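Predicted model, so just to flag it, every value in this text is computed and none were measured. The figures that follow rest on heavy atoms only: side chains count, while hydrogens, waters and symmetry mates do not.
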Amino acid sequence: MTGTSLTARYFDDIFGSDDDPWNLASSDYEAAKFAHTHDVLADRRYAHALEIGCAHGVLTSHLVPMCDSLLAIDISTKALTKAQERVGDRPGVTLGQMAFPQETPDADAFDLVVLSEVAYYWGLVDLDRASEWLRDHVASEGRVILVHYTGETDYPHSGDEAVDALWTELGSDFEVELSERKDKYRLDLWKRR
């Protein structure tokens, strides 16, 4: 595992050249993955949730009904413009531009943090930063859900490498509630001890 994190410019260029570069709003695969993510989380209500890397807000729209307060952040201002169109007027939702984990929310504790298709964009330094932040900002009994593509990528890490690196740092503070492998992605649900 090597590399540095991908930058805001990378994502702005991606979203600038294609309204839906990963077919988040149009593919059956993405729709099924988002529905599965929702179903895994739907056994409780979340008072204070954070979605890191919200892109167009497609998954965000699935999370909103489960959350009293949801902060959805993305590194790309172009992606956030699309997210604003999709979910910006929903009660309890705040959208923000943030290059997590170099920039982090000013909040004490979240009872849900969503990392969907984002951790493999981070280099080792940022994976360490993310681990440290999660350790300090996920409430007791709070959850972290990670959903990542498991095929080959040209990102700093594969989905498996990124999730394994986070678990190496966080395993003593979290327990595994669920770990699933689907045809093209993995879903990991961790709970703060």
Please report the closest heavy-atom contact between [X] and [Y], naming both atoms and the distance.
X	Y	result
A47	D111	N-OD2, 2.8 Å
H157	T153	O-OG1, 3.2 Å
V118	G53	CG2-CA, 4.4 Å
S116	L59	CB-CD2, 3.6 Å
H48	A107	NE2-CB, 3.7 Å
A109	A139	CB-CB, 3.9 Å

Using side-chain heavy atoms (C-beta onward) and a distance below 4.5 Å, is [X] in contact with [Y]?
X	Y	result
L115	L166	yes
W190	V163	yes
R192	R135	yes
L95	V87	yes
L80	C54	yes
W122	R129	no
Y149	E117	yes

Taking CG in D43 as the centre, count heavy atoms belonging to other residues, nucleotides or ligands within less than 6.0 Å. Is the count above 12?
yes
Under 4.0 Å between a side-chain nitrogen and a carboxylate oxygen: does that hold for K33 and E30?
yes
Note: K82-D74 ion pair, threshold 4.0 Å (strictly below):
no
Spatial distance of atom [atom1] ([X]) from atom [atom2] ([Y]) [nearest 0.5 Å]:
X	Y	atom1	atom2	value
H56	S61	NE2	OG	12.5 Å
I145	L187	CD1	CG	4.0 Å
R181	T150	CZ	OG1	5.0 Å
L70	Y46	CG	OH	12.0 Å
E169	L127	CD	CG	9.0 Å
L41	L189	CG	CG	6.5 Å

Tell me, please, which residues at least two apart from K191 pass salt bridge (charged side-chain N to carboxylate O under 4.0 Å, His left out).
E141, E175
With sequence neighbours excluded, tell me which residues meet ring pair (Phe, Tyr, Trp, His ring centres under 6.0 Å) with W133.
F100, F110, H137
Would D173 and V138 satisfy side chain to side chain contact (heavy atoms under 4.5 Å, CB included), going step by step from the backbone distance to the final call?
CA-CA 10 Å; D173 299 297; V138 175; over 6 Å; no
Could you go step by step and tell me if I75 and Y121 meet the side chain to side chain contact (heavy atoms under 4.5 Å, CB included) rule?
CA-CA 11 Å; I75 194 171; Y121 297 130; over 6 Å; no
Please walk me through it: do W167 and D188 pass side chain to side chain contact (heavy atoms under 4.5 Å, CB included)?
CA-CA 10 Å; W167 182 252; D188 297 88; over 6 Å; no
Do T60 and E51 have side-chain atoms, one donor and one acceptor, less than 3.5 Å apart?
yes
Donor-acceptor under 3.5 Å ([X] side chain, [Y] main chain):
X	Y	result
R44	M66	no
H148	A119	yes
T104	P101	no

D160 vs R186, side chain to side chain contact (heavy atoms under 4.5 Å, CB included): CA-CA, chis, key distance, verdict:
CA-CA 8 Å; D160 288 329; R186 65 183 287 170; 2.8 Å; yes
